[in-house]
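Contents: one structure, followed by commentary.
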Amino acid sequence: MYMSTDEVRQAFLSFFETKGHQIVDSSSLVPANDPTLLFTNAGMNQFKDCFLGLEKRDYTRAVTAQRCVRAGGKHNDLENVGFTARHHTFFEMLGNFSFGDYFKQDAIQYAWEFLTEVLKLPQERLLVTVYQTDDEAFDIWHKQIGLPAERIIRIGDKKGGKPYESDNFWQMGDTGPCGPCSEIFYDHGDSIWGGPPGSPEEDGDRFIEIWNNVFMQYNRHADGTMEPLPKPSVDTGMGIERISAIMQSVHSNYEIDVFQTLIKEAAQVIGCHDLSNQSLRVVADHIRSCSFLIVDGVVPSNEGRGYVLRRIIRRAVRHGNKLGAQGVFFHKLVGPLAEIMGSAGKELKKQQAVVEKVLRIEEENFGRTLERGMSILNEALENLDGKVLDGETVFKLYDTYGFPADLTNDVVREHGLSIDEAGFEQAMEAQRQRAREAGQFGTDYNTMIKVDASSHFCGYEGTEGQGKIVAIFIHGEPVETLSSGDHAMLVLDETPFYAESGGQCGDAGIIRTESGVFQVVDTQKQGNAIIHYGSLVEGFLNQGEMADAQVDAKRRSATALNHSATHLLHEALRRVLGEHVTQKGSLVRAESLRFDFSHMEAMTAEELKEVERMVNQHIRRNHTVETNIMGLDEAKAKGAMALFGEKYDTKVRVLSMGDFSTELCGGVHASNTGDIGLFKIVSESGIAAGVRRIEAVTGEAALDLIDTQQATYEDKLAEAAQKARQLEKEIQQIKDKLASQASSNLLQQVKEIAGVKVLVAQLQGADNKALRGMVDELKNQLGSGVILLGNINDDKVGLIAGVTKDLTGQVKAGELVNLVAQQVGGKGGGRPDMAQAGGSDVNALPQALVSAEAWIESQL
């Protein structure tokens with residue numbers, strides 16, 4: 001029976017839903033609150049706290065189709081990808097889980113029913129393994145399922161290993177939950193080489209593990225003793241690629257529908273005609289991990305998860321280049337991937353444009369150095385004396401050309417050679433030391449505090465409450481008493497303190513008992529417990545005491561206002577920029593808010609203005625902030641926005657602000673949007689390819705910002721005005737100087753009429769304001785005389801006349817100016833010794849000046 005990969009996924013989820021399991025969405029590839037994991041690499045990751053007893057959910061049975069990546073850290077399959085039939089950087093793990101509900105019998109029964117009745121696999125093709133001493137599992141398979149004893153294989157501890165070191169004994173760590181496994185294998189037939197598990201030929205490809213059932217029934221202590229768990233649990237996993245290969249009657253995972261589609265698309269965009277080329281398999285695999293890592297907020301960088309993503313992208317680009325790719329190609333596979341992933345590709349479709357841009361930019365950047373780096377590598381290989389490329393060259397390729405060591409190793413391996421890994425590691429020690437100091441992925445999960453008690457949050461109703469101190473920890477170790485000065489962690493069974501979550505920072509405040517005062521500086525959550533971090537500033541306190549908890553109300557209120565503003569901002573961005581906008585992170589605290597979102601280019605000033613205007617508009621509308629508790633599916637049906645990859649319970653808080661914003665949120669908010677007062681954007685910037693960041697303030701902080709900006713603008717305005725006045729003064733001095741120079745030139749045009757010095761002249765483009773100073777200068781130089789100047793400036797006529805006082809009885813400046821003004825379409829007048837006028841007929845000015853000379857002569 002043929003089934004597509006998407007049909008297999010849906011069949012698995014639907015089957016277990018009929019068995020009372022809650023369908024839980026795949027969690028993010030970036031593990032939430034788990035510093036031990038680089039990426040989500042198994043279906044049980046999101047349920048780890050449930051298995052450890054740190055978290056209780058509304059359901060005790062769950063089923064998922066979990067996205068996983070194994071390409072860095074402990075689980076690194078990168079070097080094998082493309083060269084084997086079943087290694088991938090990205091895969092989906094189908095899993096069903098029981099948290100203290102059913103155990104071995106039901107788990108085995110469900111697995112057998114799904115495989116033989118739903119998928120209709122031939123029973124004779126299936127065989128199983130159990131742990132050597134797990135008689136219970138053996139009997140279930142043999143006596144209840146009816147599997148022949150020869151098809152049930154017992155697997156013991158590895159030779160020379162410690163007790164319980166077996167492929168059929170699973171453990172979370174050196175201590176903690178653990179238990180035997182029962183794996184199910186499919187026999188591909190004797191046409192393929194290989195033997196059953198436990199045989200010398202077990203590494204062959206005939207018998208393929210398709211499903212692993214883990215039975216958590218012990219708690220392993222540091223001394224090695226195995227304590228039976230009070231509520232045994234079940235954790236299973238079945239790779240969708242492997243089971244899809246069986247359902248599609250192919251042997252290699254790369255022959256299933258998903259990979260065949262991607263291989264053909266890759267061949268087309270690259271221009272390769274050999275569909276069997278292993279490099280096409282590498283590209284097809286890598287586009288899956290790269291795309292979904294970007295969807296979950298990872299961006300290429302030189303450290304941590306971002307560096308692993310960069311390594312995978314560059315490995316894919318190198319293999320495309322090896323096949324003859326011209327220009328960028330990798331990002332063109334995102335669209336086909338979103339389509340072939342079916343129901344698992346919905347979020348990728350929403351963020352397709354962002355993912356494509358991030359990949360294109362990274363590919364372009366690497367493309368600039370790929371050719372040069374490959375040239376250096378090929379030259380080094382040609383001159384290699386021996387079969388090992390030295391670590392110094394490997395490091396140079398990494399440091400200068402961005403060649404990850406495993407990419408170099410890929411190329412070297414194709415030549416039948418290897419790299420000096422020790423030498424490379426030595427050269428990389430400085431970078432790795434910095435990473436260790438940053439504390440990335442270095443904490444052992446089992447050293448974290450384990451709190452059996454749970455905390456009830458009562459802070460939605462107010463900032464004060466009362467609860468019992470149920471646990472105290474100093475340096476991670478439980479204690480019963482605190483003394484003044486002790487730094488510690490307190491757990492209350494009831495608390496108004498909000499634990500950091502959803503981008504909102506944890507509360508601070510005071511916890512008081514009759515004997516002591518504990519100052520809380522931060523609040524975090526672990527499992528179902530709310531942890532108060534701080535120190536005892538007065539007296540002492542004991543476990544079991546009742547305590548009054550008081551949150552810093554002013555700090556909480558400011559934080560709540562910023563949180564509500566973040567919701568308004570999110571919706572405004574979607575309405576202004578488009579529905580592709582997706583939250584990529586946030587930080588909400590009392591002082592300000594920060595919001596990261598997917599968008600492909602910097603926002604324009606107009607877009608920022610419109611977003612700010614829209615947020616403030618809905619603040620002024622004073623929407624009531626309403627919260628309702630409802631089922632997750634009902635909330636989504638009502639249009640509530642959920643953050644992709646976030647972990648939600650079956651019952652969720654739906655936060656609505658009028659008809660503008662509806663989101664799932666467990667945070668603390670304002671009562672009405674009007675309480676926010678004012679929203680002001682401080683900055684907008686890019687933090688990674690396809691990811692932008694807005695920083696903003698609200699309320700009093702927004703008013704303070706405006707006051708600061710206003711004061712800055714006023715200072716700058718006053719400074720500019722002072723500078724303008726200075727420049728005007730300097731310009732006038734220059735004009736006066738030019739006028740003085742012009743006056744000297746005009747003296748050459750002075751005539752003597754009836755024994756009187758007369759100057760009648762036409763100027764072009766002179767500053768009309770400078771004409772008066774020019775006339776005064778000419779009068780001084782003439783001593784006695786009559787002056788008339790006509791100036792054409794901006795297609796207008798400016799006139800000015802000056803007469804020395806000894807001649808004003810004969811020639812009056814006002815009459816002279818008026819005479820000329822009437823001829824050029826204007827009028828004017830003034831004192832006998834100085835007068836000005838204007839006109840509009842510039843063509844009439846020359847003749848008007850000639851007539852002025854005649855008039856002056858008549859007056860003399």
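Computed over heavy atoms, backbone and side chain alike; hydrogens, waters and symmetry mates excluded.
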Interatomic spacing from [atom1] in [X] to [atom2] in [Y] - rounded to 0.5 Å:
{"X": "Q749", "Y": "I787", "atom1": "CD", "atom2": "CD1", "result": "12.0 Å"}
{"X": "L771", "Y": "D776", "atom1": "CG", "atom2": "CG", "result": "11.0 Å"}
{"X": "T708", "Y": "L703", "atom1": "OG1", "atom2": "CG", "result": "10.5 Å"}
{"X": "S592", "Y": "L705", "atom1": "OG", "atom2": "CG", "result": "11.0 Å"}
{"X": "E663", "Y": "L568", "atom1": "CD", "atom2": "CG", "result": "9.5 Å"}
{"X": "S784", "Y": "K757", "atom1": "OG", "atom2": "NZ", "result": "7.5 Å"}

Legend entry - ring pair (Phe, Tyr, Trp, His ring centres under 6.0 Å) contacts in which one or both residues fall within residues 345-373, not counting sequence neighbours: F366-F403
Inset, instruction - Can you tell me which residue pairs pass the ring pair (Phe, Tyr, Trp, His ring centres under 6.0 Å) test with a partner in residues 775-805, sequence neighbours excluded? - result: none
Would you mind checking if [Y] and [X] are paired as a salt bridge, meaning a charged N to carboxylate O distance below 4.0 Å?
{"X": "K332", "Y": "E356", "answer": "no"}
{"X": "R556", "Y": "D507", "answer": "yes"}
{"X": "E362", "Y": "R314", "answer": "yes"}

Quick one: side-chain hydrogen bond (donor to acceptor under 3.5 Å, both in side chains) partners of [X], sequence neighbours excluded?
{"X": "Q859", "answer": "none"}
{"X": "E719", "answer": "none"}
{"X": "R692", "answer": "E684"}

When you compare the side chain of [Y] with that of [X], does any pair of heavy atoms fall below 4.5 Å?
{"X": "T662", "Y": "V654", "result": "yes"}
{"X": "L337", "Y": "F292", "result": "yes"}
{"X": "L778", "Y": "L747", "result": "yes"}
{"X": "T559", "Y": "V588", "result": "yes"}
{"X": "F329", "Y": "E363", "result": "yes"}
{"X": "V786", "Y": "L807", "result": "yes"}
{"X": "C665", "Y": "H567", "result": "yes"}
{"X": "R831", "Y": "K812", "result": "no"}

Between [X] and [Y], which heavy-atom pair has the shortest distance, and what is it?
{"X": "I676", "Y": "S564", "value": "CD1-CB, 3.9 Å"}
{"X": "L746", "Y": "A761", "value": "CD2-CB, 3.8 Å"}
{"X": "L788", "Y": "A852", "value": "CD2-CB, 3.4 Å"}
{"X": "S291", "Y": "L348", "value": "CB-CD1, 4.0 Å"}
{"X": "V775", "Y": "G802", "value": "CG1-CA, 3.9 Å"}
{"X": "S598", "Y": "V354", "value": "CB-CG2, 3.6 Å"}

Taking the side chain from [X] and the backbone from [Y], do they hold a donor-acceptor pair closer than 3.5 Å?
{"X": "Q762", "Y": "L789", "result": "no"}
{"X": "S851", "Y": "A848", "result": "yes"}
{"X": "T627", "Y": "L655", "result": "no"}
{"X": "D552", "Y": "A508", "result": "no"}
{"X": "N562", "Y": "A590", "result": "yes"}
{"X": "E339", "Y": "P336", "result": "no"}
{"X": "D841", "Y": "V824", "result": "no"}
{"X": "S656", "Y": "G658", "result": "no"}
{"X": "N616", "Y": "L678", "result": "no"}
{"X": "E612", "Y": "I681", "result": "yes"}

Between the side chains of [X] and [Y], does any donor sit under 3.5 Å from an acceptor?
{"X": "Q726", "Y": "Q722", "result": "no"}
{"X": "E777", "Y": "Q781", "result": "yes"}
{"X": "T808", "Y": "D833", "result": "no"}

Inset, instruction - Determine, stepwise, if the pair F330 / C290 fulfils side chain to side chain contact (heavy atoms under 4.5 Å, CB included). - result: CA-CA 10 Å; F330 195 45; C290 293; 3.9 Å; yes
Legend entry - Candidate list E695, R693, Q504, R594, test side chain to side chain contact (heavy atoms under 4.5 Å, CB included), partner L587, passing option: R594
Inset, instruction - Could you check R589 against R555 for side chain to side chain contact (heavy atoms under 4.5 Å, CB included), going step by step and ending with a plain yes or no? - result: CA-CA 8 Å; R589 50 183 185 168; R555 183 176 183 267; over 6 Å; no
May I ask you to check whether over 12 heavy atoms, not counting those of [X], lie within 6.0 Å of atom [atom1]?
{"X": "D795", "atom1": "CG", "result": "no"}
{"X": "D715", "atom1": "CG", "result": "yes"}
{"X": "E700", "atom1": "CD", "result": "no"}
{"X": "D794", "atom1": "CG", "result": "no"}

Inset, instruction - In sequence, state the C-alpha distance, the side-chain angles, and the governing distance for Q352 and H580, and then conclude on side chain to side chain contact (heavy atoms under 4.5 Å, CB included). - result: CA-CA 8 Å; Q352 180 176 334; H580 67 277; over 6 Å; no
Inset, instruction - Applying side chain to side chain contact (heavy atoms under 4.5 Å, CB included), run through R772 and I800 and close with a yes or a no. - result: CA-CA 7 Å; R772 180 178 291 271; I800 186 168; 4.2 Å; yes
Legend entry - Qualifying salt bridge (charged side-chain N to carboxylate O under 4.0 Å, His left out) pairs with a residue from residues 566-587, counting only residues at least two apart or across chains: E571-R575
Legend entry - Mutual orientation of the aromatic rings belonging to H669 and H563 [parallel < 30°, tilted 30-60°, perpendicular > 60°]: tilted
Inset, instruction - Taking the six-membered ring for Trp and the full ring for Phe, Tyr or His, determine whether the centres of H623 and F660 are under 6.0 Å apart. - result: no
